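The structure appears right after this line, and notes come after that.
Note on naming: letters A, B, ... go to the chains in the order of the sequence lines (proteins, then strands), and numbering restarts at 1 for each one. All values derive from a computational prediction rather than experimental measurement.
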Amino acid sequence: MNPNELRRMDLTLSEEHESIQDLFANFFAKQSPTTVARAAEPTGFDEGLWDQIVDLGVTRMAIPESAGGDGAGILELTLVAEELGRAIAPVPLIEHIVATRLLAASGDSELEDFLEEAANGDRILGLALQPLSGRQFVSTAAVARDIVGFDGENLVIVTSSGARAHVGNQASLPFAWVDPGEESVRVVRSSGAERLYSTAQREWKTLTAAALAGMTEASLAIAVKFVKTRETMGVIVGTLQGISFPLADVSIGIEGARNLARRAAWFLDNEPETEAGLQAAAIAYASGVAMRGTTTTAHAQGGLGFTVEADASLYFLRAKGWALAGGSPLLDLKTVGELRISAVTAANQSKERRESWISAL
Amino acid sequence: MNPNELRRMDLTLSEEHESIQDLFANFFAKQSPTTVARAAEPTGFDEGLWDQIVDLGVTRMAIPESAGGDGAGILELTLVAEELGRAIAPVPLIEHIVATRLLAASGDSELEDFLEEAANGDRILGLALQPLSGRQFVSTAAVARDIVGFDGENLVIVTSSGARAHVGNQASLPFAWVDPGEESVRVVRSSGAERLYSTAQREWKTLTAAALAGMTEASLAIAVKFVKTRETMGVIVGTLQGISFPLADVSIGIEGARNLARRAAWFLDNEPETEAGLQAAAIAYASGVAMRGTTTTAHAQGGLGFTVEADASLYFLRAKGWALAGGSPLLDLKTVGELRISAVTAANQSKERRESWISAL
Amino acid sequence: MDFSTVELDAPHRQLQEEVSEFVREQFTEDAYAHEYATGDGFNESIHLAMGQRGWIMPAWPTDKGGAGLDRLGERILELELEKARVPWVTLGTTRLIVSAVERYASDAIRDTVLTDVASGHARLCLGYTEPDGGSDIAGAKTKATRDGDEWIISGSKMFTTGAHNSQYVFLITRTDPDLPKHKGLTMFLVPLDTPGIEIQGIHAFSGERTNIVFYDEVRISDDYRLGEVNGGWTVLRGPLDEEHNMGSGEPDGLDDPSAFGMSFLRELHYALDDVSRWATTERVDGTRPVDDPAVVQAIGELTVQFEAAIVTPGPAGRVAGSDTLVAGAAALLDLVGPEALIPRGQPGAIGDGQLDFAHRFAQGTATYGGTVEVFRTIIAQHQLGLPRPNYPGAKVFRTTKS
Amino acid sequence: MDFSTVELDAPHRQLQEEVSEFVREQFTEDAYAHEYATGDGFNESIHLAMGQRGWIMPAWPTDKGGAGLDRLGERILELELEKARVPWVTLGTTRLIVSAVERYASDAIRDTVLTDVASGHARLCLGYTEPDGGSDIAGAKTKATRDGDEWIISGSKMFTTGAHNSQYVFLITRTDPDLPKHKGLTMFLVPLDTPGIEIQGIHAFSGERTNIVFYDEVRISDDYRLGEVNGGWTVLRGPLDEEHNMGSGEPDGLDDPSAFGMSFLRELHYALDDVSRWATTERVDGTRPVDDPAVVQAIGELTVQFEAAIVTPGPAGRVAGSDTLVAGAAALLDLVGPEALIPRGQPGAIGDGQLDFAHRFAQGTATYGGTVEVFRTIIAQHQLGLPRPNYPGAKVFRTTKS
């Protein structure tokens, strides 16, 4: 963002946003306490929770009205994703939503029934988060039989004949290997497949960034509660700057991560061609915050935070996996860097700068 | 380093080392208090100090015995460099020493008189720290008329007809632009020029890393002294973990930086082909420590540390410049990375690993 | 949630043009050279010209010396000035104190001061920190003693930025050393031309100038007292909270999420612009930095940090702004190498020396308006609800060291 | 200063071969699988086999159950075991306590315990931390009450790693709650088969197992007391200082600069090996990660951190070891992407799951043997000479919360 541009920077939520937030905060708090995430290990899927989410209408909420959905924007969905992250809810909701939107956007009329099953939640869709040029390690593929992806030319749906073997992973995500060479591949008819897929990737990054912000905040809350009462040397641990400052830093990071994800969402909804690197920036930043945040908050509990019994461990173990599911965040940094450099070289800002180079003293 | 190799890891100094250390610690403490560094701004050269250093024999100490010197090793010189760094002494000693050794190693018999003048300290030599493929910004060139470098094929001495214009810089180093296309260039006769130049670069990195460690330690001492007595809210500032922990981290970094530089020096002296990335590692690490260290210690004094009057500012301003004089430390990281990767692929360690992959629980 | 471009109606477009024209005319090369040389954060001629247009207190009605601007108008004015980097420090301290003057000044001085502020003839500066006091403002030892209708003030204050260009200092003094620490304080608006005041310049390595101000038996009328005797903490809290919270009240998206943070991050923005240009420039050997994916990645990483920091609000944004600039400027110097050390005006400077400047400037941002440690404490206690440490001197005032 | 390869004479070469052969024979696939499954840090059969060879206390003379090894011999033994990652945790705690037993145990038990330690039949574990006690070891509340020639112990201890494979626990107890905190403590070497002791496993997410141990009116003879009554802090200081300083006394370069640090960093070394191999492996699209300079630079950066951390001595090295591993493992996962999440034995695991393991294991290193905060405090106070904070509970023992 150019800080000299006259744009609004309004980070407040509307009443409608707040009611979405409340609804899902309550829903996940009630239906997906950490015991649910624990019980869903190691596959990372709770079918009962999935059904409830479907009943709530979330899988339909995100589909454009033209395709029979409620036409919610990505910004509304970030609010859902934050709460899902806070509850580390074991459902592949983000991928399912993004994959459904992607297929809906393709306009392939032969997919109508398929899409209806996805909107119903009867058919869980997964998402290949990198172009499918061969075997790929896909975060949803042990639960979703149908993996939506991009083969370099077309959108495709890769479907396994049976359930794919779950590959254990520290994040307890439903990872499995997907191999288009050995599974059934359906080509989706659409124009601009590459652009559509790129939008889907950006939607996934944005929503996952929001989920990571929510996850980190829940993790921080555990630590704060702990250090408020725990004593050492006759003082409350939370009064020691060696503890309180790192927790403050986590809090600072969460605020930035959450707002950056929301900002990235707003641009997707309103000006998708503007600031096109924001979604990559959002997940790269949220990824770092989640790692530092869950590490710091687990450590704030000393040895306890390192035990399987402690809920802090659930957050720590998921932070890396959720962030990496789409690939190395270093690729996102490169995307952001390329866009930053080309923005400068494209706009000849030399005139503005000549006038404005004045010390900020 | 492979931690499973049976090598000694003896970090203690011999008595001879300790007397070198004492000698130079005393010398610089007496002859180069911070007032000398201040007075030498902005050029960064104090001729009187230079003459005293020459009288002490340092410019001859580092020359091989075969070339009429005392044949000190790089390890001994790191001890000198640490003390020079501690005093932020305004003399281009490291570059002069390395350049002299480089010319001595060339074996060019026509340089005999030239080398004697360098050993005498009458002729100050500078060093082009990157291959001279064109104009270069050289940290010593405003003081040293003769810049020793490597033009891609041969060692060269680039000499300006008059004094070069000093280019102001935050580090108050005697930087100037050197242009072999516009200055007189003498080709040094030697075989293996590229290897000799590479050794010179590694020597410079090692000694500069040591100087940065010394500089950071002096900076830390200022902060420690300050926070030991300063009060806030009725407590000594240095008892607050928000202050004491960052200072402890600086101290940790200094210990590593110093020992890594010494270790890099030992390998240059004894097994120059082994662990060939250590010198690049040493300066890259010391560079980071010096930056974080001088930043942290300046900030430990609050607003005072940000003022020109505070000695902390002298250290902060020099830290970046000393580290960058040889080029971006990111290039050093790449060098280290390449060597690390090729070490693994060269040695087929698969057998060892098959036997040894056992949880460290 | 709204990040859209603000569409301007005709009057606002006209204002924008007017301010832009004003900056071009007023902020001359000479004015720039003066600012670079002095580090004053102030230019009297520009300040007075702004006063003539009502732009010192732009939201005030014209009959009070303002320009009657609405919030959008204020934003336009602010952005045009900031964009050009018109010196703002003394303008900033002046505005910060105005509401305390409105609320607490005596009838004898209030109207004069406010009128002079609006016209630009009166500038105000902050007299908080003491030479050995650090962040503990409430530990002030500068003494004010009542003498009939007058007060006698003795002591000294550090970091009174802009004092040499100001007419008044918003001064915190100790009027009762026997009361608990926060209760024995009284605020004054002290005219800086009063005998017994000596201002000495202090220079930061960023080039900025601040001051130490000595008060030697300075005698002022009780008219200059702000608020109650021993009620100074209440008076000071307003400006202090404003400085510490730095949030806007209005949900119209016209304020920066963290004003302080954004003012720091603007320097990183410019530095990233310059490094991006550097990256696409050929070196002597014909290569370009941008051909190295590691360079692109590094620029991307700093851009990510920047984008997150600018949407980090309030106190968090103040810390994020400083941390991001400090780390970012150092990283950019590492990326570019030795040419990044060259300051403005020297041969070979990159981006007119912006990298060199940003790196030096960055260090002060960790202290301005309260250190990052003060703000981390605020976040820990007020946002996370962690308990307050029980420091012996938090409540009690002691003049002797233990 | 000496970093040279150690040249071995014939007896040492023979020892090296002997240990290497021992490891190959003893540390079977089954033994490995057992360790991976349990996280015990102990293998009884290997431990007893080591005892038979005198390798539990290798420097002890053979008539005391040792192997009479010199320092080089000890180093050879240690390196061969570490290289193969033979479980070492319970061996480590046992050795740590031995000198306190030698010095402070009663005649009645000393020789038996030491003989059994050397043969491998007695293993010792540390009973320091309490469930709500954290790093404040001297704040122990587990109570020992004298009853004639016996003591009755009640309380509980957290993180008594290896208790389920040990015969004795080196237990810190409170014997006088009215004395100042450090003065009311007494140490015991409590046989773990005494009635009233209950050991419950606690599992770390690295896969490691530790224990909580409950003491319910555990009755032991006074023979098991170590040192004076209420003189426990002196007894404990030896092992604790050894754990905290972690330096060697001898200047022969045969000790790691920081033993703890090196044991952490070995995991980073293996992870860097694996990532280096990964970097030179072709992907499905035919590219190799190493073709991207940013990947090379990232590996270089972590190597630099590793090389510095392994030469950082003592307490500093313990902090550097943990910090470097924690940050390094996370960075390696980011570099590699999702495949790095796959653990040992699962299809597609990189380096047999070393990346996944290093990342999980790393988190515990910030706590082992005292948190990094404890060690930063030691560095601040003992190396930098900063004053000790005046915490209310530093000297006084209080059983009630304020």
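Here the NZ-CG distance, from K320(B) to D356(C), works out to 12.5 Å after rounding to the nearest 0.5 Å. Summarising the geometry, atom OG1 belonging to T371(C) is positioned 7.5 Å from atom CD1 belonging to I243(B); distances are rounded to the nearest 0.5 Å. For the atom pair T239(B) OG1 and Y391(C) OH, the distance stands at 7.5 Å (nearest 0.5 Å). Rounded to the nearest 0.5 angstrom, N169(B) CG and I342(C) CD1 are separated by 8.0 Å. Rounding to the nearest 0.5 Å places CG of L304(B) at 4.5 Å from CE of M158(C).
With S328(B) contributing its side chain and D334(C) its backbone, the two residues share a donor-acceptor pair below 3.5 Å. Judged by distance alone, the side chain of Q170(B) and the main-chain N or O of L341(C) form no donor-acceptor pair under 3.5 Å.
Looking at L129(B), there are no atoms closer than 4.5 Å to chain C (heavy atoms on both sides), in backbone or side chain. Only the backbone of P131(C) comes within less than 4.5 Å of a heavy atom of chain B; no side-chain atom from C-beta onward does. Of the two parts of V295(C), neither the backbone nor the side chain holds a non-hydrogen atom closer than 4.5 Å to a non-hydrogen atom of chain B. At a 4.5 Å heavy-atom cutoff, the contact between E373(C) and chain B is made by side-chain atoms alone. With a 4.5 Å cut-off on non-hydrogen atoms, A325(B) touches chain C through its backbone but not through its side chain.
With respect to chain C, the highest number of heavy-atom pairs below 4.5 Å among A298(B), S313(B), G288(B) belongs to S313(B). Per-residue heavy-atom pair counts under 4.5 Å with chain C were compared for G302(B), G303(B), A310(B), and the maximum is reached by G303(B). Most heavy-atom pairs under 4.5 Å with chain B: of the set T129(C), D285(C), I202(C), this distinction falls to I202(C).
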>> Test side chain to side chain contact (heavy atoms under 4.5 Å, CB included) on L317(B) and F205(C); report intermediate values, then the result.
In response: CA-CA 8 Å; L317(B) 289 170; F205(C) 57 70; 3.9 Å; yes
> Does the side chain to side chain contact (heavy atoms under 4.5 Å, CB included) test come out yes or no for Y368(C) and F306(B), once each step is laid out?
Replying inline: CA-CA 11 Å; Y368(C) 296 145; F306(B) 186 45; 3.5 Å; yes
> So Q136(B) and E339(C), side chain to side chain contact (heavy atoms under 4.5 Å, CB included) or not? Walk me through it.
Replying inline: CA-CA 9 Å; Q136(B) 188 171 135; E339(C) 289 89 337; over 6 Å; no
>> Could you go through V372(C) and H299(B), starting from their C-alpha distance and side-chain angles, then the distance that decides it, and tell me whether this counts as side chain to side chain contact (heavy atoms under 4.5 Å, CB included)?
In response: CA-CA 10 Å; V372(C) 285; H299(B) 180 63; 3.8 Å; yes
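Between G327(B) and P338(C) the shortest heavy-atom distance is CA-CD, 3.9 Å. Shortest non-hydrogen contact noted between V284(C) and R135(B) is CG1-N, 4.2 Å. Looking at every heavy atom in both residues, G234(B) comes nearest to P392(C) through O-CG, 3.5 Å.
Other residues, nucleotides and ligands contribute at most 12 non-hydrogen atoms within 6.0 Å of the CD atom of E194(B). Environment of CG in D291(C): crowded, with over 12 heavy atoms of neighbouring residues, nucleotides or ligands closer than 6.0 Å. Few gaps surround CZ on R283(C); more than 12 heavy atoms of other groups in view lie less than 6.0 Å from it.
For F316(B) and H359(C), the gap between ring centers is short of 6.0 Å.
In this structure, M291(B) and L333(C) have side chains that are not in contact, with every pair of non-hydrogen atoms separated by 4.5 Å or more.
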